[in-house]
Structures are given as structure tokens and as C-alpha cells.
Amino acid sequence: MEVHCDLEVDVNGEESFMVDKKIIASYSGKLSKLLGKSKATSRNLKVVLHDFPGGAESFELISRFCYNHGSTDITPSNISLLYCAAQFMEMNNSVTGTHNLLEKAEKSFEAIRYWTWSELLMALKQCQDLLPAANSLSLLEKCLDTLVARLPLTSEASPCPSTSSPDSSGIRFSCDTRSTESLKTSSSRATWWFEDLLVLGPNLVEMLVKSMISRKLDHVIISRFLFYYQKSKFYTAKSDAKRTIVERVIDMLYMLDQSCVSCKSLFGILRVALNLNINKSSRNKLECMIGSQLDQAILDNLLVPSPRGINYLYDVNLVLRLLKSFLSGGICQALPARLRRVAALLDLYMAEVAPDPCLKPSKFVALATVMPDSARDSYDELYHAMDMYIEVHAGLSEEEKMKICCVLNYEKLSSQTCIHLSQNKKFPSKAAVQALVSQQLKLKSLLRATNNSKSYADSPCSAGEVGNGGRKFDANEQLVLYAGKLDLSADNEKLRAHLQGMQCRVMELEKLCKKMQTQMAKFTKSRASCHSHTRSVPKLCS
């Protein structure tokens, strides 16, 4: 056949090809229509193809197919290019009979399950370069599904996996004797593919993760891959690319079961994200994920430096958002143990931020009040943080100090802390009085309970006769009268003396009650072990 180069084809403005219009048009429905509509009489024509999938390389492949009378080698390395180009150029049965490039490419794709891992990756990388054309033709979906089907469904890195897989039997029966090398080998079997998939961009990884989730791949493995992907990509990525990667990784992690996502790794992404100005949606998702498992965090995780423009040493607003996110999950009623762990963590955090001279009282109070009262069994640590804050912020007014002290639950302060508070000249006098009144009410309640017990009723002495050094105390006496008689407007030193006198009495009563409880316990035990009806009653008082 005589060949005439009478048609110029401009491909995406990259490169031009001189081809025989009759040969090319005989295989391409698109060119056949274009040339059929053309009224040009010139011998040489020019066609400009925009958005041609695969560019010049792809057009060269289909040109060879046409010049070789509808014959070409279709391999995993070029099948995506040929398939997308054939679809674009309408190289189907409507143009030519048996020599149909689109049909040949489709048949070749049926053998995808026999491709090697490397061939699959090559085809995926090519599909990525052909987006969106490859996606619209479902090429990408076929490649992704085939690749995901070859990944391990579960992690074998756990110490004693309960699985019937032959590969894991060595670990299952020898957890106590096999060295840690076995676990490392097992872990590598579950994660060997991480590095291979770094060639994929964020868009393709997102599609890949969705496919993994639909095939019920272990969410622990998926999350580990996403953290690995983010860290590895950051070595070479520029600022804008880093922001895109972080946002996509956060969105993908949000799709997973949060119990399978590492809290420590989430804080790592958070520190990176704060410097990249990620979008609000991704930031909220990240804070929500961290908040849902805040009880797994440690103090260092929360010590995030403040953003530019804010004078605080640490980002207190961030911690407040994380705490509110944690509480919004209904943790208070469902899991009180988790609530107490977060409260203990918060007390440590407040002790760290208290010395910050720029931290406003309103922010400190916000931190102190964010957790419900049930989250703390003791307010001692919170008091020590307050003590440090008031000491550093010496310019606080009495009103501001009282706002801070109002957060304390005095009933949950230990006796030692109450002593410290009553002698602490930095705290308002009202706070010291409230602490001691609370302690005395607790002792009064304890004495009443003791007085009402049967064992105590049989005792030779009653609460009304308890004494120390010849002085008697009445259990029903209004112990708070000491506090009521105090003149808060009087000189502070005189007030401190009154308070110390009150505290001496509190300590006497506390020691006495402890002694009575011990003797009552011994008495109850002796009654249970004795078989005779006649038994001696131990003295409860000395």
C-alpha cells in the first residue's frame, strides 16, 4: 500500500505527527467523522487533538497499530495507554471489523489476575498519569481491586495471633520461646507493600484505601500505611504538596475505626498540620480523632507551642478543643475510668502551663472547669496548680483569685492540702475558711456515722465522752461555729491564728476517728470468729 503523509495531527500542543489520513481514518471513528465533515480542498490537512490521553507517546502507539494493519503487542506496560487512546479515537467495531484495538485491549485486561505485582504497579502508575480518562473507563478500579486482593487481610504482628493461617503457626505455638525476630518477620509480612505504593499520588491512595475498607482489610494495617505514606512523602514534597498530603491522609484516617488508629501518630500529624495551615474541615476531623482517645495521650503530647500571634507559651485553646471533643462522645456516663485518666492528665498539664506569665485567668479557669466534678476523686493536684498560678501572677485581684478558688471542691481536698491552704497567705481568707469548714463537716458526718453504729452503742464510752487531755467533744456540736465567728475583715495574721487553732482540733478529731474505726474493725472480726455467746467488748476509747 502506498503511504501518503497528508494529515498533520497536533497532539495536545506537545508534538505533531504527519500521517496517512486514509490509514488512520480507517481505524478511527473520530478522525473519520472529522475528515468527512471537512470541506477543505487542500491536499495537506491539520487536526488538533486536545486532552488526548497519554499525549504523544500514546498517539504513536495507536499509529503503529494502524500502520501494522491492526496488529500490536499489548502488554501490562502499555495496555492502559492503548485502551484510553482507543476509547478517545473511537477505534471500535463501527469503523473496522476484526481489527478492533478497543476490543483487543479489553480482552487483554481479562488476564489481569495473572499479572505480577510489578506489572500491576506499573499499570496503576500509568492509570494515575491518565486520569481522569482511566477512571472514567473503570481501568483504575480493575487495577486497584486486583492489587488490594493480594494484600494481607489482617496483621500478623500481634504477639499471639489466633489465626489458622499456615504462615502464622510458628508464632502461634512459640510466643514464649521464639525471639523477637519472629515478630519482626511477621510484621514485615503484613507491611511489605508499604514502600511499593509510595509511587502513587494522594488521589490514587484515597481510592486504594476505600477499596481496602470495602474488602475489610485490617484497619490497623491501613492506618499504619497512611502514617508511613505521610512521613515518606514529606522528604521530597514542597509546602503545597505537603498540605495536600496531610489533608488527604487525615480524611482517610477519619474513615477508619478510631480504636485502630495510633493516638501518638495522630499527635505527630497534628504538630505537622499546625505549621501547614490545613483546611478547617481536616483540622476538625483530626481534633475529633484525637479527642476520642485523649485518655491514651501523655503530657508531652499536649505541650504544643502556641501559634504565631498568641503570647501563651502553649496552645491552651487547642487543648480545650480536644477536651470538649473527648467529652462530647458521652464518656462521662459510659466509661468513668477514661474520664478520670483525662482529668489526671489535665491536672499535670495545668501544672505545666501555670507558670506562664502570659496565661490569662479566664483561660486558666476554663481549663479548671472543663471537666465535670465526677472526673476527680481528689482536687489536690488541681490545688497545687492553682497555688503555682497565683504565685506567678502576683498582680491578681482578690476577686480574680476567688474565681479561681471557686473551682475547688473542698470536700475532695485531703487534710494535708487543707492545712497547706489554711496557711497559704497567697490565697484569699474566704477560701481557707471554706476548706476548713468542709473538713470539719466531713469529720462531723463521720462521727455521727460512728455514733449510730451498733458496735459503738455497746461501747463503754460514746462520742460525747471522747476526749484528749481531759477535754470532751460533743459529736452533735456545731463544729462550723469556729468559722462562723471569724471576722474576715480583721487582720490577716489574727485570722491565720484562728484557722490554725481550728486545724488543730480537726487533726485531733481525725486521729480519734481513725483509732475508733480500727478498734471497731477488730471487734467485728472477733465477733464473727467467736462461737460462744459470752464475749468481751473491746474498749473503743483510751
Side-chain angles (χ1 to χ4, degrees), residues 299 302-324 342-373 375-376 378-439 482-484 486-500 502-503:
L299 179 59
L302 299 184
L303 298 178
V304 178
S306 282
R308 293 177 182 176
I310 297 180
N311 293 329
Y312 304 154
L313 185 61
Y314 297 111
D315 196 342
V316 174
N317 292 324
L318 169 65
V319 173
L320 284 170
R321 292 197 301 269
L322 295 179
L323 289 164
K324 289 174 182 177
V342 172
L345 176 64
L346 176 58
D347 289 346
L348 293 175
Y349 179 77
M350 292 184 67
E352 284 291 327
V353 300
D356 182 0
C358 297
L359 185 63
K360 295 180 180 178
S362 58
K363 289 297 177 186
F364 188 81
V365 171
L367 285 170
T369 56
V370 67
M371 299 298 288
D373 179 68
R376 292 182 176 92
S378 170
Y379 272 68
D380 286 6
E381 294 301 324
L382 183 58
Y383 163 73
H384 292 311
M386 290 179 175
D387 183 32
M388 194 180 307
Y389 182 82
I390 292 175
E391 182 176 359
V392 172
H393 298 77
L396 293 176
S397 65
E398 287 295 304
E399 183 181 356
E400 288 174 323
K401 289 181 181 180
M402 278 308 300
K403 283 183 180 179
I404 294 172
C405 293
C406 283
V407 178
L408 288 173
N409 182 340
Y410 295 95
E411 294 181 1
K412 292 186 177 182
L413 289 175
S414 67
S415 297
Q416 292 81 359
T417 301
C418 281
I419 294 173
H420 189 277
L421 197 160
S422 68
Q423 299 173 352
N424 194 337
K425 297 183 180 181
K426 298 187 294 290
F427 273 64
S429 299
K430 290 181 181 179
V433 171
Q434 285 178 330
L436 290 175
V437 167
S438 174
Q439 287 296 303
Y482 273 86
L486 290 177
D487 182 9
L488 295 179
S489 62
D491 182 75
N492 277 343
E493 290 302 323
K494 184 178 179 181
L495 178 59
R496 298 292 170 186
H498 278 296
L499 292 175
Q500 288 176 11
M502 288 172 58
Q503 191 57 45

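To the nearest 0.5 angstrom, L318 atom CG is 10.5 Å from I310 atom CD1. To the nearest 0.5 Å, atom CD of residue Q434 and atom SG of residue C418 are 11.0 Å apart. Between the OG1 atom of T369 and the NZ atom of K403 there is a distance of 12.0 Å, given to the nearest 0.5 Å. Atoms CG and CG, from L322 and L302 in turn, are 7.0 Å apart once rounded to the nearest 0.5 Å.
Residues I404 and Y389 form a side-chain contact, since some pair of their non-hydrogen atoms from C-beta on lies under 4.5 Å apart. By the 4.5 Å heavy-atom criterion applied to side chains, V319 and Y314 are not counted as neighbours. Two residues are said to be in side-chain contact when any heavy atoms from C-beta on lie closer than 4.5 Å; V316 and Y349 meet this criterion. You'll find the side chain of Q416 stays beyond 4.5 Å of the side chain of D380, heavy atoms only. Using a 4.5 Å cut-off on side-chain heavy atoms (C-beta onward), Q423 and I419 make contact. Annotation: side chain of L313 is not in contact with side chain of S306 (no heavy-atom distance under 4.5 Å). For the pair F364/M386, a side-chain contact is recorded, criterion being any heavy-atom separation below 4.5 Å from C-beta on. For the pair V365 and S362, the minimum side-chain heavy-atom distance is 4.5 Å or more.
Nearest approach of P357 to H393, heavy atoms of both residues: O-NE2, 3.5 Å. Minimum interatomic distance between V392 and P355 (heavy atoms only, all atoms of both residues): CG1-O, 3.5 Å. Closest of all the heavy-atom pairs between K426 and K401 is O-NZ, 3.1 Å. In this structure, P428 and C405 approach most closely via the heavy-atom pair CD-SG, 3.9 Å. Of all heavy-atom pairs between D315 and P307, the closest is OD2-CD, 3.5 Å. Summarising the geometry of L323 relative to V342, their closest heavy-atom pair is CD2-CG1, 3.6 Å, with the distance given to 0.1 Å.
Not counting sequence neighbours, the partners of A375 by the side-chain contact (heavy atoms from CB on, under 4.5 Å) test are L339, A343, M371, P372. For Y379, the side-chain contact (heavy atoms from CB on, under 4.5 Å) partners at least two apart in sequence or on another chain are D373, R376, L382, L408, N409, K412, L413.
Ring-centre distance between Y383 and F427: below the 6.0 Å cut-off.
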Checking side-chain contact (heavy atoms from CB on, under 4.5 Å) for the pair H384/D347: CA distance, chi angles, key distance, verdict?
CA-CA 9 Å; H384 292 311; D347 289 346; over 6 Å; no
